[in-house]
*Asks:* 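Have a look at this one.
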Amino acid sequence: MPVYSIGVDIGSTCAKLAVVEDGRTLVHQMVMPTGWSSAETAQAIYDQLERQGYCPDSSPCVATGYGRLNVPYAQKTVTEITCHAKGAAFLFGTEACAIIDIGGQDTKVIAMADGVVQDFLMNDKCSAGTGRFLEIMANTLCVDPGTLCELARRGSGVSISSMCTVFAESEVISLIGSGTAKEDIAYGIVESIVNKVASQYGKLSVPGDRCYLTGGLCESPYILESLSRTLGLTVTSHPLARYAGAIGAALTAHGLARSERRTSV
Amino acid sequence: MSEYQLPAQFEEFSQARKEGFLRAKAIKDSGGHIAGTFCTFTPCELMDAAGVHPVSLCGMSPEPIPAAEKDLPKNLCPLIKSSYGFAVSDTCPYTYFSDLIVGETTCDGKKKMYELLGRMKDVYILQLPQGIDRSYALEMWTKELHRFKAALEEKFNVTITDQALREAAELRNQLRQARTALMELQKLDPPPFTGLGLYKLLDGLGFSFDLHSNLKKLTDLTAQLQADYAAGARPVPPGQKRILVTGCPIGGVLEKTVKVVEENGGVVVCFENCGGIKPTRYLVDTQAEDIMSAIAQRYLNIGCAVMTPNSQRMELLPQLVEEFRVDGILEIELQTCHPYTVERYEIKKLAHDMGVPFLALDTDYSQSDVGQLTTRIAAFIEML
């Protein structure tokens, strides 16, 4: 009988679920907005699992992401750093690479060798260079984040100098007020994020030159192009890379005996 | 009736703080003197020999920071702001009752803060050399100690004899050795103490003025822990990752750093910073012909990032990593502490060369980064 292991990744913006069969095959994934209560979100995921015929109470389950402590049916919590690395190794079939995860609240750069995290960096307290930054700017431009990224491809010439999201928003509003084209503003916004990520990347010593993007922006070709250009290497991704954290959690769960008491590592 | 008055808002204070005030007041009422200090470079032997009780005034609480920010910039080290805030708000018993505040020219923020503190309190500043590589560093620091000695003698109307200095140095040496012995129990695997418990205990002793009783407490506790351990007591479970903490003073951020380490599969086996090993390993040569120079020499061995170059720290860290069988180095830095945040580069390189994983955290006394710090610390321990 196959063993299903469950990974729940409650991020600041989106919650992701992954179910892995026998520690090898991804059989189910789902994403939903986290909303205001990660406990309610965890319950919604629980219901979804039951609807799909999985049993969250008797299957091995690991929770990750900033809401990881609010998943009562998980036996164990593991940080998103470790989970993203594991998930990336699974999706990209490599054990030595750099992983960039542009998350809602945190942007992480992870160096992995032999399938194990060697070193990592997270953005400081502020939200510069994160998904939240992009979201707020997209809101100001009245587009969704995906559209903003594609608009950026056709723009040029604008640079957003404020690192602080609140100041950057005022900067964008003044650009709008002065009649700057939306594409050019979008270009400036993406450049700002990519430069911030690149400066984090530069601080980490990374084994080899393979670099993968995980998280919610994995399906934006322009973000990948812009990151590749700025870092001077080819950054690639995977359509399922937004689930990297959840997949990593499910893989970690595989092999946990269900009788184990819930613990933190 | 006592000539010493409690601050106006005394009744609003917590019980622990009220007790602190009453203890400090009792010392003053019985004719004793209190000198507030801020640093492990403060030559406490001189104060002991003058019959003055030294006590650390390093602010570890966010509470008085708003009061400090009326005079100080927001973008400053939280320890400096907290220390100053306690003084302006009359909320720290030891600052309030101190007869003298002793500072050194350590970091720039502290130096300039002492100048402002001088408007409210009697402040004496020792000029600490900026490094120990000059041939005259010891001579200069010894002269500073002589100048300080004369100032103490004048202020408190006492004569500090060589004999009293030697006795004070002897007792301080014993205290340092006792602290070292207790901290070195953490070399055991698993260690007999959580890092948090150890740090709080050592920190607490600084507010008890009976040095002989402190010495006894330390030696008794060390013996007790050894006996319990031999009898099979293992308060820390085996297999926890052994962490060395280095960097800034951490009394104000213990809960969101050390405690988080110990809730996420780690145990702090060694504190290299100023509350830990750094200032305890070097002793005063009490038999030296010139006791003042011998005291001065001891303090110059302290490997703080205010020194340039800071070769003492670079030599001590690898020794500690080996002695305490450290799995990972955690550098805890306070916001805008330029000496430590810039020196991080060298420490990171040192850790890399030793093959020991390294994580640096930059934080302050607020609660705003607790979530992110927890994720970083937990991920670091998962990685070990």
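Each chain gets a letter, A, B and so on, in the order its sequence line appears, and its residues count up from 1.
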*Asks:* In Å and rounded to the nearest 0.5 Å, what is the OG1 to CZ distance from Thr374(B) to Arg68(A)?
*Replies:* 7.5 Å

*Asks:* Relative to chain A, which segment of Leu373(B) carries a heavy atom at a distance below 4.5 Å: side chain, backbone, both, or neither?
*Replies:* neither

*Asks:* Could you check whether atom CG of Asp228(B) has more than 12 heavy atoms from other residues, nucleotides or ligands sitting under 6.0 Å from it?
*Replies:* yes

*Asks:* Heavy-atom distance under 4.5 Å between the side chains of Met383(B) and Ile81(A), does that happen here?
*Replies:* no

*Asks:* For Arg24(A), does the CZ atom have more than 12 heavy-atom neighbours from other residues, nucleotides or ligands under 6.0 Å away?
*Replies:* no

*Asks:* Report yes or no: does Glu382(B) contribute a side-chain atom to a donor-acceptor pair with the main-chain N or O of Val78(A) at less than 3.5 Å?
*Replies:* no

*Asks:* Locate the shortest heavy-atom distance separating Gln372(B) from Met122(A); write the atom from each residue and the value.
*Replies:* O-CE, 4.4 Å

*Asks:* Does Glu322(B), at its CD atom, have more than 12 non-hydrogen atoms belonging to other residues, nucleotides or ligands within less than 6.0 Å?
*Replies:* no

*Asks:* Under 3.5 Å, which donor-acceptor pairs do the side chains of residues 344-351 of chain B form with other protein atoms, sequence neighbours left out?
*Replies:*
from	atom 1	to	atom 2	distance (Å)
Arg344(B)	NE	Glu333(B)	OE1	3.2
Arg344(B)	NE	Glu333(B)	OE2	3.1
Arg344(B)	NH2	Glu333(B)	OE1	2.6

*Asks:* Does anything in residues 352-372 of chain B pair up under ring pair (Phe, Tyr, Trp, His ring centres under 6.0 Å), and if so which pairs, sequence neighbours excluded?
*Replies:* none

*Asks:* How many angstroms lie between OG1 in Thr82(A) and CZ in Phe380(B), if you round to the nearest 0.5 Å?
*Replies:* 12.0 Å

*Asks:* Less than 4.5 Å apart, side chain to side chain, heavy atoms only: is that true for Phe120(A) and Arg376(B)?
*Replies:* yes

*Asks:* From Asn264(B) CG over to Thr79(A) OG1, what is the distance, rounded to the nearest 0.5 angstrom?
*Replies:* 9.0 Å

